[in-house]
Amino acid sequence: MRKFIVSAAAAALLASGSVAFAAVKHTTGTVKSFDATAKSLVLDNGSSFTLPQTFKDPGLKVGEKVRISWDMSGKDKVAEAVKIVK
């Protein structure tokens with residue numbers, strides 16, 4: 001019984017470790033276009049992001065340098081946070 005519990009705990013630890021590798025990614029760039037209505041943001045390097053319905057605009061403008069925390073949802077890059085970088 002003890003070996004089973006240790007094996008189960010080890011398997012759970014390994015499974016949770018793989019989730020850590022799917023961590024949020026970060027990208028820094030300059031805003032090329034921003035559409036609050038369509039919930040989309042495109043950087044000057046061509047990267048495009050979908051913004052969540054709960055997104056609060058920090059005052060984004062074209063030409064503004066930003067840092068985006070994002071993750072993949074299917075084939076879309078979904079921004080979890082957008083911060084203006086000085």
Side-chain angles (χ1 to χ4, degrees):
M1 180 71 170
R2 179 175 276 165
K3 287 183 181 181
F4 175 74
I5 293 173
V6 171
S7 296
L13 181 62
L14 289 173
S16 67
S18 65
V19 173
F21 291 115
V24 173
K25 298 160 193 71
H26 302 280
T27 299
T28 303
T30 304
V31 176
K32 181 177 180 182
S33 67
F34 168 62
D35 187 337
T37 306
K39 301 290 184 188
S40 68
L41 174 67
V42 178
L43 299 180
D44 62 349
N45 66 3
S47 297
S48 61
F49 301 88
T50 301
L51 303 168
Q53 292 298 325
T54 58
F55 180 73
K56 296 194 183 211
D57 180 10
L60 295 177
K61 298 175 191 165
V62 172
E64 194 99 59
K65 188 171 181 181
V66 293
R67 179 177 176 170
I68 303 172
S69 300
W70 59 276
D71 203 357
M72 293 297 294
S73 176
K75 294 182 180 181
D76 297 326
K77 293 178 183 175
V78 179
E80 295 183 3
V82 179
K83 295 184 182 181
I84 297 172
V85 179
K86 301 283 180 186

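Values below: every heavy atom of this structure, side chains too, minus hydrogens, waters and symmetry copies.
Taken from CD1 in Ile68 to CG in Leu51, the straight-line distance is 8.0 Å, to the nearest 0.5 Å. Of the inter-residue distances, the one linking Lys39 atom NZ with Gln53 atom CD reads 5.5 Å to the nearest 0.5 angstrom.
Taking each heavy atom of Thr28 and Arg67 in turn, the nearest pair found is OG1-CG, 3.9 Å.
Contacts of Thr27 classified as side chain to side chain donor-acceptor pair (under 3.5 Å), with partners at least two apart in sequence or in another chain: Trp70.
Phe34 pairs in a side-chain contact (heavy atoms from CB on, under 4.5 Å) with only one of the listed residues (Asp57, Val42, Val62), which is Asp57.
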Evaluation steps, side-chain contact (heavy atoms from CB on, under 4.5 Å), between Asp71 and Lys25: CA-CA 6 Å; Asp71 203 357; Lys25 298 160 193 71; 3.6 Å; yes
Derivation of the side-chain contact (heavy atoms from CB on, under 4.5 Å) call for Val66 and Phe49: CA-CA 12 Å; Val66 293; Phe49 301 88; over 6 Å; no
Residues 75-85 side chain polar contacts: donor-acceptor under 3.5 Å, at least two apart:
none

